Peer 1: 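Structure incoming, see below.
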Amino acid sequence: MTNFTLVKLGADGTFGVTSPIDGEYIGSVDRASAADIDAAIAQSERAFEEWRTVPAPRRGEFVRVIAEVAREHKEELGALISLENGKITSEALGEVQEWIDVCDFAVGLSRQLYGLTIASERPDHRMMEQWHPLGPVGVITAFNFPMAVWAWNAMLAFVCGNSVIWKPSEKTPFCALACQRVVELAAERFGGVPDGLSAVVMGARPAGEQLAADPRLPLVSATGSVPMGRAVAKTVAGRLGRCLLELGGNNAVIVTPSADLDLALRGIVFSAVGTAGQRCTSLRRLIVHESKMRDLVDRLTRAYGSLAVGDPREPGTLVGPLIDEDAGAAMLSAIEAAIASGGELLVGGVRVVEGVPAGGVYMQPAIVKIDHSSPIVREETFAPLLYVSTYWDFDEAIAMNNAVPQGLSSAIFTEDMREAERFLSAAGSDCGIANVNIGTSGAEIGGAFGGEKDTGGGRESGSDSWKSYMRRTTNTVNYGNSLPLAQGVKFDT
Ligand code: UN1
């Protein structure tokens with residue numbers, strides 16, 4: 001007996017999934033047809049109508065049980081992420097932990113969905129606001145965080161009283177099925193959760209387009225490429241729905257003359273090569289003061305030379321495979337473009353074939369010294385490719401940080417508090433995330449996550465991101481015997 005219906009009808013064909021580790025076949029998944037998705041949305045709507053009247057702290061209890069089940073299965077879930085996405089074990093477990101963390105956050109939140117009380121200008125009147133559940137939420141996610149990004153959305157959506165209908169990446173459908181199974185087990189343990197509160201629809205672009213176009217979904221939260229986000233935004237805006245977008249990043253670190261280079265080195269290497277450079281928050285641009293360039297580059301090239309690239313399940317491996325052949329080709333062609341525009345390849349940038357499983361795309365992480373104004377530097381290449389450029393003047397460094405279309409994450413390494421504060425100020429980094437003396441990636445769930453410009457403007461996960469998943473009503477109550485009008489308007493009949 002399960003409380004959830006998984007939409008998995010083969011009407012629109014099936015698609016196979018292989019592991020990026022060695023190209024081995026994992027299994028195949030049925031694609032949902034347009035009619036299947038339509039039915040799933042209808043069911044999601046019915047689930048919402050029931051769930052929205054369950055008291056929020058009780059909804060939080062359900063999310064607490066989800067966290068319990070996820071904790072019990074953390075190892076298997078992590079292993080599945082490694083198998084299907086290629087992340088090293090520690091990062092895969094970290095991703096499951098990110099899901100568990102956001103559950104804990106959401107449980108607390110379920111007793112804190114606060115609205116304001118507002119002073120009324122009229123006698124014997126009271127004003128307040130309430131936050132109500134919004135409706136079924138469409139969630140579209142990418143391969144690179146196949147569980148955590150859905151969890152940021154779904155765990156918050158559930159405590160906010162919404163149902164969730166999820167289209168995962170076609171590259172990582174089994175991670176989505178595992179998440180759905182965890183929710184299902186939690187629902188069995190909890191009891192009374194409406195059917196269809198959580199649904200997964202498998203499909204490619206048309207499935208995402210269908211979610212974006214359906215007026216029964218007041219909110220569509222999408223993570224992925226900038227072109228995908230633009231398409232979703234256009235469709236959702238056309239029906240005056242709400243979008244929450246978390247799109248590309250082109251994240252920079254500034255290293256100033258006073259920087260602690262040991263610290264900087266560790267922060268830079270994790271952000272640039274962790275997850276094989278396939279995080280939205282991965283470090284792509286290093287902006288180094290001229291006086292530090294030689295020293296830092298020496299240390300970096302040495303560190304890159306000793307990186308263990310290989311099977312992500314082996315202890316000691318730091319860099320696993322890229323997701324597929326296209327990703328490897330994109331990295332090589334970005335390096336070519338960088339060299340063509342005068343860049344110098346300092347280290348890496350070749351495919352590793354020795355000592356790695358055959359059938360996977362293993363790349364030696366690369367560093368390219370390049371003039372920051374080269375067009376390729378403006379592009380996000382989803383691979384371990386780091387561009388290094390120099391600056392003389394601090395204002396120039398901030399301008400370089402901000403000189404790309406994307407605005408997700410950024411960081412500065414400095415011991416100078418004036419520089420640090422200027423970087424964080426209104427005239428500093430224009431990104432949604434700005435850090436001091438830590439790298440660009442690996443954010444905690446407690447903060448709002450997202451960025452500006454081409455990154456899409458959405459905020460997910462912590463802080464007050466929950467407000468995107470609810471609708472606000474402003475209520476005015478008259479407990480007097482007369483009906484004074486606001487703004488002093490007289491309208492006596
Ligand atoms: C993403 O790459 O889409 O800050 C999410 C980080 C992770 C989340 C990344 N906590 O790197």
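Both counts, for ligands and for their atoms, begin at 1 and track the order of listing. Only a predicted model underlies this, so the values are computations on that prediction, with no experimental measurement involved.
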Peer 1: Using a distance-only test with no angle check, is there a side-chain donor-acceptor pair under 3.5 angstrom linking T281 and N251?
Peer 2: no

Peer 1: Which residue is it: I26, V17, T172? I am looking for the one with a side chain to side chain contact (heavy atoms under 4.5 Å, CB included) to L83.
Peer 2: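 That would be I26; it is the only one of I26, V17, T172 passing the side chain to side chain contact (heavy atoms under 4.5 Å, CB included) with L83.
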
Peer 1: For Q278 and ligand 1, answer yes if some heavy atom of the residue is under 4.0 Å from a ligand atom, otherwise no.
Peer 2: no

Peer 1: Which word best sums up how the rings of F62 and W51 line up, parallel for under 30°, tilted for 30 to 60°, or perpendicular for over 60°?
Peer 2: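 Perpendicular.
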
Peer 1: Give the residue, atom name and distance (to 0.1 Å) of the protein heavy atom nearest atom 4 (O) of ligand 1.
Peer 2: A443 N, 2.7 Å

Peer 1: Check for me whether F143 has a heavy atom closer than 4.0 Å to any atom of ligand 1.
Peer 2: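 In this structure, F143 fails to qualify as a contact of ligand 1 - no heavy atom is under 4.0 Å.
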
Peer 1: Out of all atoms in ligand 1, which are within 4.0 Å of some heavy atom of C280? Include the element for each.
Peer 2: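 So the atoms of ligand 1 that pass are 1 (C), 2 (O), 3 (O).
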
Peer 1: Walk me through whether D214 and Q210 qualify under side chain to side chain donor-acceptor pair (under 3.5 Å).
Peer 2: CA-CA 6 Å; D214 199 302; Q210 193 177 342; 5.5 Å; no

Peer 1: Check step by step if side chain to side chain donor-acceptor pair (under 3.5 Å) holds for S258 and E415.
Peer 2: CA-CA 5 Å; S258 66; E415 299 293 297; over 6 Å; no

Peer 1: Parallel under 30°, tilted from 30 to 60°, perpendicular over 60°: which one fits the rings of W166 and W150?
Peer 2: parallel

Peer 1: Say whether, by atom type as modelled, one donor and one acceptor occur between the side chain of T256 and the main chain of F413 under 3.5 angstrom.
Peer 2: yes

Peer 1: Just to confirm my output: which protein heavy-atom neighbour is closest to atom 7 (C) of ligand 1, and how far is it?
Peer 2: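 Result: R279 NH1, 3.6 Å.
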
Peer 1: Determine the sole option in K74, E75, E76 for which the side chain to side chain contact (heavy atoms under 4.5 Å, CB included) test with V96 is passed.
Peer 2: K74

Peer 1: Do R279 and E91 meet the salt-bridge criterion of a basic N to acidic O distance under 4.0 Å?
Peer 2: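 Answer for the salt bridge query: yes.
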
Peer 1: May I ask you to list the atoms of ligand 1 that are less than 4.0 angstrom from any heavy atom of N144?
Peer 2: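 Those atoms are 1 (C), 2 (O), 3 (O).
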
Peer 1: Show which atoms of ligand 1 fall inside a sub-4.0 Å distance from at least one heavy-atom site of W152.
Peer 2: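 Result: 5 (C), 8 (C).
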
Peer 1: Quick one: nearest non-hydrogen protein atom to atom 6 (C) of ligand 1, plus distance?
Peer 2: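 Protein heavy atom at minimum distance: G442 N, 3.2 Å.
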
Peer 1: Passes ring pair (Phe, Tyr, Trp, His ring centres under 6.0 Å), W466 versus W131? Steps please.
Peer 2: CA-CA 10 Å; W466 62 270; W131 291 90; 5.2 Å; yes

Peer 1: T223 versus ligand 1: do any nitrogen or oxygen atoms come within less than 3.5 Å of each other?
Peer 2: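 Such a contact does not occur with ligand 1.
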
Peer 1: Which of the atoms of ligand 1 are close to E246, meaning less than 4.0 Å from one of its heavy atoms?
Peer 2: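 Selected atoms, number and element: 3 (O).
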
Peer 1: For atom 10 (N) of ligand 1, find the nearest protein heavy atom and state the residue, atom name and distance (0.1 Å precision).
Peer 2: E98 OE2, 2.9 Å

Peer 1: Quick one: which ligand 1 atoms are inside 4.0 Å of a heavy atom on T281?
Peer 2: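 Once the distances to T281 are compared, the set is 4 (O), 6 (C), 11 (O).
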
Peer 1: I'd like to check whether F145 has a polar contact with ligand 1, where a contact means an N/O of the residue lying under 3.5 Å from an N/O of the ligand.
Peer 2: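 No.
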
Peer 1: Could an N or O of ligand 1 be found under 3.5 Å from any N or O of F449, whether backbone or side chain?
Peer 2: no

Peer 1: Below a 4.0 angstrom heavy-atom separation, can you tell me which part of E444, side chain or backbone, both or neither, approaches ligand 1?
Peer 2: neither

